[in-house]
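To keep things clear, I will list the structure first and then write my remarks on it.
In what follows, chains carry the letters A, B, and so on, assigned in the order in which the sequence lines appear, proteins first and then strands, with residues in each chain numbered from 1.
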There are 2 protein chains.
Amino acid sequence: MQQPYNVYEDRCPTRQVLDRLADKWALLILDRLQGAPVRFNQLRRDIQGISQKVLSQTLKKLERDGLLSRSVFATVPVTVEYALTDLGQSLIQTVSTFAHWAEQHMDAVLLAQVKYDEGAASTSGA
Amino acid sequence: MQQPYNVYEDRCPTRQVLDRLADKWALLILDRLQGAPVRFNQLRRDIQGISQKVLSQTLKKLERDGLLSRSVFATVPVTVEYALTDLGQSLIQTVSTFAHWAEQHMDAVLLAQVKYDEGAASTSGA
DNA sequence: CTTTTGTGGTTACTAAAAGAAACTAGGTGG
DNA sequence: CCACCTAGTTTCTTTTAGTAACCACAAAAG
């Protein structure tokens, strides 16, 4: 008995899910929510470079897919908290490893880039 | 002694790496290369919906970052094989888990979407 | 001996999305 | 009254992603 879903297939609904999750901002948001709920503007401050629009959009998509929950508290000013759901928890270890992989392997990547660019230079050069 | 790299920082080079890896096509390519080298057109056939342009571009970026290697064989017609490097191998388990997560949790995602859309309907409706 | 098929790409065009910045709305404090 | 906090939305511009066509080579088909 094999699975009904195959992400390699064009029209499989998993492909859309992958497309939404395989996003720089989505990964950073999920990673940031690891451990405890975080508020909108806190996410905005912590994830440097993200705009309100993209943060808002990405949060909506992740909420719709059931990976995180949105809670509004009637404080003054209003508090909106985002937190991982159980579904989000099922992915967070993988997301975290993926998002931080570059931090561990950055030197190797930079070295590879230098080598690649040298090769490209010699092709067009001598 | 803490790490010099932090993916949450806007100008950290890891951010660019994350941006390139956090891509639907990059993930599917890396996942497909797991186990054995694969040729260009084989990748194109297996990863349904990818275009030559995007496949070519993505392979170049992944090669530049040192995650995969490109080997040309002077056969007729020419054979070009792509394979994971050691650096690529260091990420493949995470990539594979991530890429196939949706296949395991698709039902939960679909359920969440229905619930979310119902809520949105009731907001604008009654 | 011309057409089709296969290889592995590149190039131009177009549609969609991402990003920057301003604006909204409700309430507090100066 | 104006500025500032919250959490967003809207508008506009720029960038990216995707579609489709084209290229060069060689072999096989007709």
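Applying the ring-ring contact (aromatic ring centres under 6.0 Å, His included) rule to A/Tyr82 yields no partners; only residues at least two apart in sequence or on another chain are considered. Under the side-chain contact (heavy atoms from CB on, under 4.5 Å) criterion, A/Ala26 pairs with A/Asp23, A/Thr58, A/Leu62, sequence neighbours left out.
Between the side chain of A/Arg39 and the backbone N or O of A/Val80 there is no donor-acceptor pair closer than 3.5 Å.
Within residues 68-78 of chain B, the residues that have a heavy atom under 4.0 Å from DNA chain D are, in order of number, B/Val76. The stretch residues 7-41 of chain B touches DNA chain C through B/Arg39, B/Phe40, B/Asn41, each having a heavy atom under 4.0 angstrom from the strand. DNA chain D lies under 4.0 Å from at least one heavy atom of each of the following residues of residues 42-53 of chain A: A/Gln52, A/Lys53. Contacts of residues 55-67 of chain B with DNA chain D (heavy atom under 4.0 Å): none.
With contacts defined as side-chain heavy-atom distances shorter than 4.5 Å, the pair B/Phe73/B/Val78 does not qualify. Contact annotation: the side chain of A/Ile92 never approaches that of A/Leu33 to less than 4.5 Å [non-hydrogen atoms, C-beta and beyond]. Inter-residue side-chain proximity for B/Ser96 and B/Phe98 is flagged as unmet; no heavy-atom pair is nearer than 4.5 Å. Residues B/Arg70 and B/Leu59 fail the side-chain proximity criterion, which asks for heavy atoms closer than 4.5 Å. With a 4.5 Å cut-off on side-chain heavy atoms, A/Leu21 and A/Leu67 count as touching.
Taking all atoms of both residues into account, the shortest heavy-atom contact from A/Ser90 to B/Trp101 is OG-NE1, 3.1 Å.
No more than 12 heavy-atom neighbours from other residues, nucleotides or ligands sit within 6.0 angstrom of CD on A/Gln93.
With no hydrogens or angles considered, no side-chain donor-acceptor pair links A/Asp117 and A/Gln113 at under 3.5 Å. Of the N and O atoms on the side chains of A/Asp31 and B/Tyr8, at least one donor lies less than 3.5 Å from an acceptor on the other residue.
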